[in-house]
Number of protein chains: 4
Amino acid sequence: MTSKISLKEKQRRDREQLILDYAEKMLLEKGYHDVSMDEIAAGVGVAKGTLYLHFPKKEDLAYALVKPKMLSFLSSVEEAKAFSGGPIEKLEYLLQRELTGAFFQFLLKSSSDMTTIFKSYETEIHEVLSQIFSGIHEILNEGKREGVFDPELPVEFMSSAFINMFEPHLYKEMVVVRRMPLEVYIRHTAILFFQGIMKSKEMK
Amino acid sequence: MTSKISLKEKQRRDREQLILDYAEKMLLEKGYHDVSMDEIAAGVGVAKGTLYLHFPKKEDLAYALVKPKMLSFLSSVEEAKAFSGGPIEKLEYLLQRELTGAFFQFLLKSSSDMTTIFKSYETEIHEVLSQIFSGIHEILNEGKREGVFDPELPVEFMSSAFINMFEPHLYKEMVVVRRMPLEVYIRHTAILFFQGIMKSKEMK
Amino acid sequence: MTSKISLKEKQRRDREQLILDYAEKMLLEKGYHDVSMDEIAAGVGVAKGTLYLHFPKKEDLAYALVKPKMLSFLSSVEEAKAFSGGPIEKLEYLLQRELTGAFFQFLLKSSSDMTTIFKSYETEIHEVLSQIFSGIHEILNEGKREGVFDPELPVEFMSSAFINMFEPHLYKEMVVVRRMPLEVYIRHTAILFFQGIMKSKEMK
Amino acid sequence: MTSKISLKEKQRRDREQLILDYAEKMLLEKGYHDVSMDEIAAGVGVAKGTLYLHFPKKEDLAYALVKPKMLSFLSSVEEAKAFSGGPIEKLEYLLQRELTGAFFQFLLKSSSDMTTIFKSYETEIHEVLSQIFSGIHEILNEGKREGVFDPELPVEFMSSAFINMFEPHLYKEMVVVRRMPLEVYIRHTAILFFQGIMKSKEMK
DNA sequence: CATGAATGAGACTTCATTCAT
DNA sequence: TATGAATGAAGTCTCATTCAT
């Protein structure tokens, strides 16, 4: 019963994954508007009609790529909130968890397009982003209450700066091109966010 | 007779400004790919051909919007470098100078598209961005030498985080929507960048 | 199973032929610049996009019409060279072979445009025309060596005059409109080319 | 009275000639459809509006170039008819008269477009061409009657071949590029037309 | 008269989406 | 179910022609 759903269903999922993989690669490389459905179909090796069997619209295909990353980020935020330790540890956990792997690449890379492309998913996206930010704000407020975070700074400032830390461009330059070890990259990111660029006296 | 260059030339510039204004509005609102030349022409109240009299390609129209902002930012960087005071004061000057007004809106808003849209201007853009970053790096390195900036952090990290401070989304939310006074906004931005979110002991 | 390439492929070719037929008709009638892709699509009864499925550019559609005629002429030249008989017989064979049917209509009709329209095919066309002329020159030189053709006349003169014989305008006037039997038309053409307009003493 | 029409009128004519000269150059070089009115105006150094002051339509400008050449050819035909000597001498006179200078270049070069471009002048062109051909036919028939031209060949054949002799391409190749003396070129052309390519026994 | 900015019809081309096989 | 040919709306850009200055 467990494995009987498969056979055809498995093939279907495999194929869908092939599509998603190739689409992600191309979308990241050339941007939403410069990748055609033809191009994706050809690259995957299926007919264009097949794409539409899996994703009714181009928008849906792209969103199928963005959604799990957004949700993954959200669940990381939830995990961070539950993480044992103070607010600093929680944010470090989140940093560690999402800075590796695919993290926010897509969202940020296409951030400007987010609103223009995913019109049908506008509310859904807004919903998830709200939860993400409110989760981060919770942690930040906790930190403020505990006196470890600057009480003067609005959490919106902090969270926005925090999200900017995930900017994939820098990651690529440092980790991929210059081969900076990931843990060093994460450490620098943490220092930057927690202490700023001033010469510090302490930190951990 | 001194300003006899005008008459027709003035009209030409006025109209060009009308086009640029409307185009900026729409481009910011809907994004490059969702604004058609027809739409801009109609909005400005001129014929399609008139647009092409001023800008040979859609790309050129968009770049005519981006270029001055980029150059303005660059010259602010140059001014900042020459600003009397330490590296902190220089960066604060830059922050103050460009956080107001048009600053980096367009660049950042369309950052993801920059490479895909402005193909013909790729090298020119790269050139200017290089100068901008190298100017900022100079200031940052000066700060490192003087012992005020964290010597452990690579300047690329710092500059990237610094540029992210210009993210227009937060500006809009805070200053425009929530009516936060600009000087407060700038102060928070500076704190965030220089000291991070940790409760500080000092700062100025 | 032998002709199993068909089914869809056949339909594709049929439709392509429909397009080519209608395009040839219109192009001959109105000229390249006065026939729009819209017009062709409408005339054939397909959508505009379908045209571009078969021919990526308007230029390609037009060249698809010209190319086979050019190649057919070239292969006739090759056949003529191998034709048993003297140089006169060879040229007569070529005359006979290409004066009927579609022959050089398109090429000559659009000769002036050839260079301006088929920019992408410039070298290819030049290549084929070179072969055509060099083939004809071979025959002409053979005739000169054998003492049947005027040794004083440059072959370029002769070949140019020969090619001019294929001028479709006269063919239409004489054979189509005035119903001159084709063999008479060919005979007159041969006389003109071989003996000129002077009252002859002989000829075959 | 004779010279009082001038002053402004002369300037007007000079300017018109400048326009015509430049237009002829460009039209010959790039073809009717690939030369824009902008391009001509810029090349001549006048405003586009000025072009339209002299020629109401692009078609008119082009026809102003073609017409005098056609008329010149026609009057040469008339002169040839009146030329003292037999039909051969008359045609040789015509050959000599029009093969030099600008002769039929334009007409032939653009022959294919003639019908498509000069729609408004269709009947006028037809009229002149009719006169040209009927003049040539007169000479040819005279030759036939006198027994010097082949009575078997229809005059339409002969005249068509005769006109083809003016093909500018060959002229350019031989006289301009290969520096063949003009009188040799004319002589070859005459031989070709009168005697064909066969080794002749006589001819003057 | 001369100018050249403005016009707008219309050309070519792309591409997301559909649907008969 | 998978295919890919067909569709046609929509986009960018050109250019002959007009007309206010």
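One interatomic measurement links the two molecules: CD of A:Glu59 to P of E:dC15, which rounds to 18 Å at whole-angstrom precision. Rounded to whole angstrom, the span from the CD1 atom of A:Ile117 across to the C1' atom of E:dA16 amounts to 14 Å. Between B:Asp38 atom CG and E:dG10 atom P there is a gap of 15 Å when expressed in whole angstrom units. In this structure, A:Lys58 atom NZ and E:dT14 atom P are separated by 15 Å, rounded to whole Å. Protein atom NE2 of C:His33 is 18 Å distant from nucleotide atom P of E:dG10, rounded to whole Å.
Residues passing the side chain to side chain contact (heavy atoms under 4.5 Å, CB included) test with B:Glu39, sequence neighbours excluded: B:Met26, B:Lys30, B:Val35, B:Ser36. Not counting sequence neighbours, the partners of B:Gln17 by the side chain to side chain contact (heavy atoms under 4.5 Å, CB included) test are B:Leu20, B:Asp21. Applying the ring pair (Phe, Tyr, Trp, His ring centres under 6.0 Å) criterion to D:Tyr22, with sequence neighbours excluded, gives no partner residue. Residues passing the salt bridge (Lys or Arg N to Asp or Glu O under 4.0 Å) test with A:Glu124, sequence neighbours excluded: A:Lys67. For B:Phe55, there are no ring pair (Phe, Tyr, Trp, His ring centres under 6.0 Å) partners, not counting sequence neighbours. The side-chain hydrogen bond (donor to acceptor under 3.5 Å, both in side chains) test applied to D:Arg12 returns D:Glu9, D:Glu16, not counting sequence neighbours. By the side-chain hydrogen bond (donor to acceptor under 3.5 Å, both in side chains) test, B:Glu127 pairs with no residue at all, sequence neighbours left out.
Nearest-nucleotide assignment on DNA chain E puts the 5′-proximal partner with B:Arg12, out of A:Ser36 and B:Arg12. If A:Arg15 and B:Pro56 are placed on DNA chain F by their nearest nucleotide, the residue sitting closer to the 5' end is A:Arg15. In terms of position along DNA chain E, the nucleotide closest to B:Gln11 lies nearer the 5' end than the nucleotide closest to the other residue of the pair C:Met37 and B:Gln11.
Evaluation of the salt bridge (Lys or Arg N to Asp or Glu O under 4.0 Å) test over residues 50-65 of chain B, restricted to residues two or more places apart or in two chains, returns none.
Within residues 46-55 of chain A, the residues having any heavy atom under 4.0 Å from DNA chain F are, by residue number, A:Val46, A:Ala47, A:Lys48, A:Gly49, A:Thr50, A:Leu53.
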Self-check item: 5'-to-3' dot-bracket of DNA chain E (Watson-Crick, G-U; under 3.5 angstrom; crossing pairs as [ ]; | other strand)
Solution: .||||||||||||||||||||
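Counting heavy atoms from C-beta outward, C:Met70 and C:Tyr121 have side chains that stay 4.5 Å or more apart. Taking 4.5 Å as the limit, some side-chain heavy atom of A:Lys119 sits within range of a side-chain heavy atom of B:Asp34.
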Side-chain donor-acceptor pairs under 3.5 Å in residues 42-50 of chain D, sequence neighbours left out?
residue, atom, partner, partner atom, Å
D:Lys48, NZ, D:Asp38, OD1, 3.1
D:Lys48, NZ, D:Asp38, OD2, 3.4
D:Thr50, OG1, D:Ala47, O, 3.4

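Mapping heavy-atom proximity under 4.0 Å, the span of DNA chain F touched by chain C runs 5' to 3' from F:dA5 to F:dA10.
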